[in-house]
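Beneath this line is the structure, given in structure tokens, with notes to follow.
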There are 2 protein chains.
Amino acid sequence: MSADISLAVSTAIFALRPHPDTGLSALWIPLVRRTRDPFENRWALPGGWVSPDESLSDAAARNLLETTGVEPTYLEQLYAFGAVDRSPDRRVVSIVYWALVRPEQADAATDGDNVRWFLADDLPELAFDHNLIVDYALWRLRTKMEYSRIAHAFLGPTFTLTELREVHEAVLQRPLDPANFRRQVEPTLVATETLVTGGRHRPPRLYRYDESVRLVDNGPLTIATPRSTP
Amino acid sequence: MSADISLAVSTAIFALRPHPDTGLSALWIPLVRRTRDPFENRWALPGGWVSPDESLSDAAARNLLETTGVEPTYLEQLYAFGAVDRSPDRRVVSIVYWALVRPEQADAATDGDNVRWFLADDLPELAFDHNLIVDYALWRLRTKMEYSRIAHAFLGPTFTLTELREVHEAVLQRPLDPANFRRQVEPTLVATETLVTGGRHRPPRLYRYDESVRLVDNGPLTIATPRSTP
DNA sequence: GCACTTAGGGTCAGGGTGACTACAACTCGG
DNA sequence: CCGAGTTGTAGTCACCCTGACCCTAAGTGC
């Protein structure tokens with residue numbers, strides 16, 4: 001049996017905010033300061049223990065809300081980390097999730113002594129194996145960006161093509177040709193009638209995602225494992 | 001804390017063997033018969049409890065060997081299943097792995113009352129949520145076949161292009177053009193000097209994988225989480 | 001020697017991609 | 001009110017990858 005193994009969930013949360021140097025959108029991640037040993041005062045991913053009456057994704061969502069005040073628009077399991085020595089005092093297996101939030105939702109997690117936002121590509125030394133975990137989560141986010149539709153988790157229901165392109169550029173860290181980008185994503189979108197005026201240029205059209213276009217995602221798990229709390 | 005959650009590992013093992021009807025290679029999976037409740041007498045994925053002094057992948061490999069006698073050439077974590085009601089009597093979280101074995105290794109797991117090989121695409125109703133798990137594992141195998149190099153886990157160190165192509169055909173369940181297939185995979189291979197004579201046709205050349213060609217795989221986890229027991 | 005079978009090299013048309021050009025349509029400064 | 005500035009959107013073109021297809025190479029077996 002395995003009663004002496006503790007089961008935890010942690011989540012790597014990503015949000016887009018301006019980079020302090022360039023002003024361009026960049027990936028940020030909220031971390032919590034540990035208030036006890038091991039790794040007291042080190043920054044760590046938000047997380048906690050799984051209680052017996054909640055699913056893993058529910059536990060992740062609950063811990064997220066409790067520790068950082070964040071309610072994500074996207075939540076997916078990343079990996080189960082279970083090396084014997086990953087916690088110095090006892091055996092902990094962590095089911096790690098990754099989440100995407102919109103800027104407004106991110107603001108719910110106000111910086112404070114206990115929660116602080118960091119640039120995802122420039123983190124301090126974290127507690128446990130959390131640096132490795134964030135690296136892996138970043139890799140998954142960037143890989144998945146290329147073939148799936150997760151970018152929309154950073155945006156509202158409607159958006160301009162430039163907004164969508166800037167999400168891709170921020171995550172992939174390279175500029176994309178506006179015309180070519182349009183050609184590629186337009187088949188998965190539906191144009192609305194609305195144009196956004198007010199900019200000092202030609203007003204862009206608002207788009208929404210075309211729900212009828214199915215993309216490869218998580219295969220059989222896509223429908224099979226919905227969150228029990230919507 | 002989480003002492004009342006049991007932590008298990010299970011593994012979906014794949015091997016290629018001839019299909020009884022067509023004679024072509026097909027995917028087979030070994031299952032074990034449950035000897036106690038819940039789901040007594042139902043077929044299930046091999047698995048067992050994680051002990052506190054072994055990593056998750058070690059636990060998977062050990063359980064594999066104990067229950068089916070199989071030592072895989074490839075072992076990768078699939079997903080952590082943790083729905084509250086997936087086991088009727090108590091709360092079990094299962095870290096599921098998937099494995100690939102060569103035919104010789106597969107023969108170690110002789111069919112018997114307790115272990116039997118099934119066609120992966122034609123399974124009976126399994127215990128727990130194991131049908132969903134196998135579906136997901138199959139999806140991952142087939143998806144990964146297209147962009148990675150896992151096919152080699154079904155083969156020895158050297159192989160002909162036809163052997164490699166037949167592995168792809170068996171997994172993807174569709175015929176591939178030999179000439180086009182060669183063009184696509186040859187850049188990742190090294191030709192040996194050896195030709196295989198004895199067939200009633202032009203002798204094919206043996207190839208081996210080019211270790212210097214890096215493919216996208218599991219990102220940061222590729223090197224970071226090796227099995228502790230090699 | 002000839003039929004047969006698979007190995008392996010080549011061609012060609014079509015689709016997608018990146019680089020680039022051109023025009024459209026708004027705001028703002030004068 | 002007009003032109004400059006800026007971004008949105010359409011289109012072109014060369015290139016590469018792909019699938020479909022053809023052809024020759026080189027063994028075995030009769």
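Sequence lines set the chain letters: A, B, ... in the order given, protein chains first and strands last, and positions in each chain run from 1. This is a predicted model, so every value here is computed, not measured. No hydrogens, no waters, no symmetry mates; every other heavy atom, side chains included, goes into these values.
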Next item on the list: Kindly indicate whether the side chain of B:R183 and the base of D:dG19 share any N or O donor-acceptor pair separated by less than 3.5 Å?
Entry: yes

Notebook entry, point to check: Looking at D:dT28, D:dA20, D:dA10, which one has an atom nearest to any side-chain atom of B:R200?
Noted result: D:dT28

Next item on the list: Measure centre to centre between the rings of B:W98 and B:Y136, then say whether the value is under 6.0 Å.
Entry: no

Notebook entry, point to check: CG of A:L189 to CG of A:L206: how many Å apart, nearest 0.5 Å?
Noted result: 11.5 Å

Notebook entry, point to check: Quick check, are the ring centers of B:F159 and B:Y207 under 6.0 angstrom apart?
Noted result: no

Check: Could you go step by step and tell me if A:R142 and A:D121 meet the salt bridge (Lys or Arg N to Asp or Glu O under 4.0 Å) rule?
Finding: CA-CA 12 Å; A:R142 289 183 168 133; A:D121 287 300; 2.9 Å; yes

Note to self: Within the 4.0 Å heavy-atom criterion, would you say A:T162 contacts the bases, only the backbone, or no part of the nucleic acid?
What the structure shows: sugar-phosphate

Check: How do A:R202 and A:N180 order along DNA chain C: which one's closest nucleotide is nearer the 5' end?
Finding: A:N180

Check: Of the non-hydrogen atoms in A:P18 and A:G23, which two are nearest, and what is the gap between them?
Finding: CB-O, 3.8 Å

Margin query: Using a 4.0 Å cut-off on heavy atoms, which residues in residues 169-176 of chain A reach DNA chain D? List them by number, or say none.
Written below: none

Item checked: Presence of A:R205 side-chain N/O under 4.0 Å of D:dG8 phosphate oxygens OP1/OP2 -> no

Next item on the list: To the nearest Å, give me how far apart OH (A:Y207) and P (D:dG8) are.
Entry: 11 Å

Next item on the list: Taking the side chain as every heavy atom from C-beta outward, state whether B:T11 and B:N63 have any atom pair closer than 4.5 Å.
Entry: no

Notebook entry, point to check: Which nucleotide of DNA chain C is the first, and which the last, in the 5' to 3' direction, to come under 4.0 Å of a heavy atom belonging to chain A?
Noted result: C:dT17 to C:dT27

Notebook entry, point to check: Can you tell me how far C1' of D:dG11 sits from CD of A:Q184, to the nearest Å?
Noted result: 16 Å

Notebook entry, point to check: In whole Å, what is the span from the NE2 atom of B:H201 to the C1' atom of D:dT24?
Noted result: 17 Å

Check: Does the side chain of B:Q77 come under 3.5 Å of the side chain of B:Y79 through a donor N or O and an acceptor N or O?
Finding: no

Check: Less than 4.5 Å apart, any side-chain heavy atom of B:L172 and any of B:M145?
Finding: yes

Notebook entry, point to check: Are more than 12 heavy atoms from other residues, nucleotides or ligands located less than 6.0 Å from atom CD of A:E104?
Noted result: yes

Checklist line | Between D:dT9 (C1') and A:D177 (CG): distance, integer Å | finding: 12 Å

Next item on the list: Check the distance between D:dT9's C1' and A:L189's CG and give it to me in whole angstrom.
Entry: 14 Å

Notebook entry, point to check: Roughly how many Å is it from CZ in A:R182 to C1' in D:dT7, rounded to a whole number?
Noted result: 11 Å

Next item on the list: Whole angstrom is fine here: how far is it from CG in A:L164 over to P in D:dG8?
Entry: 12 Å

